[in-house]
Amino acid sequence: FNCEITKFLKEGANEVVVKVLDDLWSGLQPGGKQSGSDQSAGCFYTRTTGIWQPVWLEAVGSSFVEEISVASDPDNARVLITAKINGSDRDLTLKAEAFADGKPVGSDTASGPWQNTLVLNLKEKKLWEPGAPFLYDLKLTLSSGEEKIDELNSYFGLRKIVIDGRRILINGKPVFQRLILDQGFYPEGLWTAPSDEALKRDIEMSMACGYNGARLHQKVFEPRFLYWADKLGYLLWGEYPNAGYGNQREGFSAVVNEWTELLRRDRNHPSIIGWCAFNENFEATGELQQMIWKITKAIDPTRPALEASGWMHTLPHPEVRDAHDYSGNPEQLRKKWMDYFTAPPEGP
């Protein structure tokens with residue numbers, strides 16, 4: 001969440017107090033793997049209270065870059081940037097510049113006070129790939145006439161995701177996703193990592209064990225975790241803390257709003273190769289699952305979206321689907337799924 005506090009400021013020292021009240025027991029607040037009781041129980045763990053992700057105060061001018069969407073197009077060696085400008089200064093121009101290893105490789109400029117779309121044709125094409133990521137530096141400069149009034153520094157990766165039959169291709173290559181289920185709990189701070197280095201170390205340890213990515217399970221992970229995944233070439237599926245949620249209609253608006261904010265916050269990370277909002281829900285969740293899937297594809301058509309991981313699927317003709325199988329016998333597991341995939345299609 002964010003708050004505009006300009007009108008409350010006064011000369012001299014100011015104090016900002018941010019207070020959050022959780023209502024996990026109401027059943028209307030998605031809580032992920034947090035326990036509904038005072039103690040951990042089964043696969044539900046210690047509750048997290050208060051604010052557990054970073055909080056910062058940022059001063060902006062009369063006009064500023066509020067939000068950007070970066071869509072890579074490696075086939076044409078370009079990137080498309082949509083930028084939302086907050087403010088009403090006159091004669092606004094927005095310039096976007098891309099750099100590869102410090103060298104300028106593309107730029108574009110757009111005018112207008114509201115939303116701008118820029119196309120950066122890249123002189124050097126370097127792909128972001130699992131285990132071998134390349135990140136371009138990105139600089140956005142907002143000016144009013146000759147005066148620079150805002151500057152934003154970021155980065156992007158050039159990569160493409162396509163579904164080809166039963167394969168998911170990254171930059172045209174089939175990639176077997178050997179993923180861990182990362183629930184993001186820490187002994188020192190529950191959902192709060194003890195340090196930025198701890199976030200990076202989690203990914204490094206996973207990769208050292210032979211995994212090339214993670215399903216981010218039942219938690220909206222920290223932006224710094226996503227940053228390190230981008231830097232290290234680690235694949236991610238973004239999820240939402242929805243455990244046991246889906247049929248409380250009075251809470252639908254909160255889920256829709258929060259999931260929309262999540263997509264808009266994290267969609268520029270090349271490490272995220274798919275979205276999966278729901279996990280192991282029941283039949284009554286079908287209405288919300290389908291609603292969220294459609295919203296996901298509308299906001300971000302560049303990635304596959306999984307309606308739900310495991311158990312209940314209600315979406316007709318899905319682009320991707322998975323199953324949770326807790327069998328412990330590898331021979332029975334293989335036979336079951338080989339029989340499934342070689343069986344004739346259902347229906348007439």
Taking [X] for its side chain and [Y] for its backbone only, find out whether a donor-acceptor pair lies under 3.5 Å.
X      : Y      : result
Asp164 : Arg167 : no
Asn268 : Ile68  : yes
Thr296 : Ile292 : yes
Thr192 : Trp52  : yes
Asp322 : Gly310 : yes
Asn242 : Tyr240 : yes
Asn121 : Ala77  : no
Asp150 : Val65  : yes

Check this for me, if you would: do [X] and [Y] make a salt bridge, where the nitrogen-to-carboxylate-oxygen distance has to be below 4.0 angstrom?
X      : Y      : value
Asp300 : Arg267 : no
Arg265 : Glu67  : no
Glu129 : Lys126 : no
Lys139 : Glu151 : yes
Asp182 : Arg215 : no

Within the supplied structure, the quantity of interest is the number of heavy atoms (other residues, nucleotides, ligands) at a distance under 6.0 Å from [X] [atom1]; does it exceed 12?
X      : atom1 : result
Lys335 : NZ    : no
Phe341 : CZ    : yes
Glu331 : CD    : no
Lys297 : NZ    : yes
Arg321 : CZ    : yes

Over all heavy atoms of both residues, which pair between [X] and [Y] is shortest? Give the atoms and the distance, please.
X      : Y      : answer
Asn171 : Pro74  : OD1-CG, 4.4 Å
Leu263 : Ile295 : CD1-O, 4.4 Å
Ala229 : Ile203 : N-CD1, 3.5 Å
Arg303 : Asp266 : NH2-O, 4.5 Å
Leu226 : Leu216 : CD2-CD1, 3.9 Å
Ala305 : Trp293 : O-NE1, 2.9 Å

Verify same cluster id: Phe64, Leu94 (apolar side-chain graph, 4.5 Å): no
Val256-Leu262 co-clustered via ILVMFWY side chain contacts under 4.5 Å: yes
Side chain to side chain contact (heavy atoms under 4.5 Å, CB included) between His269 and Leu236, worked out: CA-CA 10 Å; His269 289 279; Leu236 302 176; over 6 Å; no
Are any non-hydrogen side-chain atoms of [X] and [Y] less than 4.5 angstrom apart?
X      : Y      : value
Asp196 : Tyr227 : no
Pro270 : Trp128 : yes
Pro241 : Lys219 : no
Leu92  : Ser143 : no

Hey, are [Y] and [X] close enough side-chain-wise for a donor-acceptor pair under 3.5 Å?
X      : Y      : answer
Tyr45  : Gln34  : no
Glu239 : Gln218 : yes
Asp325 : Ser327 : yes
Tyr136 : Asp101 : no
Ser144 : Asp91  : no
Ser309 : Glu280 : no
Glu222 : Gln53  : no

Distance (rounded to the nearest 0.5 Å) between Arg178 CZ and Cys209 SG: 8.5 Å
Ile299 side, atom CD1; Thr260 side, atom OG1 - distance, nearest 0.5 Å: 4.0 Å
Residues Phe278, Thr285; criterion side chain to side chain contact (heavy atoms under 4.5 Å, CB included); working and verdict: CA-CA 9 Å; Phe278 294 97; Thr285 64; 5.7 Å; no
Residues Ser111, Thr93; criterion side chain to side chain donor-acceptor pair (under 3.5 Å); working and verdict: CA-CA 4 Å; Ser111 301; Thr93 59; 5.8 Å; no
Steps toward side chain to side chain contact (heavy atoms under 4.5 Å, CB included) verdict (Glu124, Lys103): CA-CA 10 Å; Glu124 295 185 16; Lys103 298 183 299 182; 2.9 Å; yes
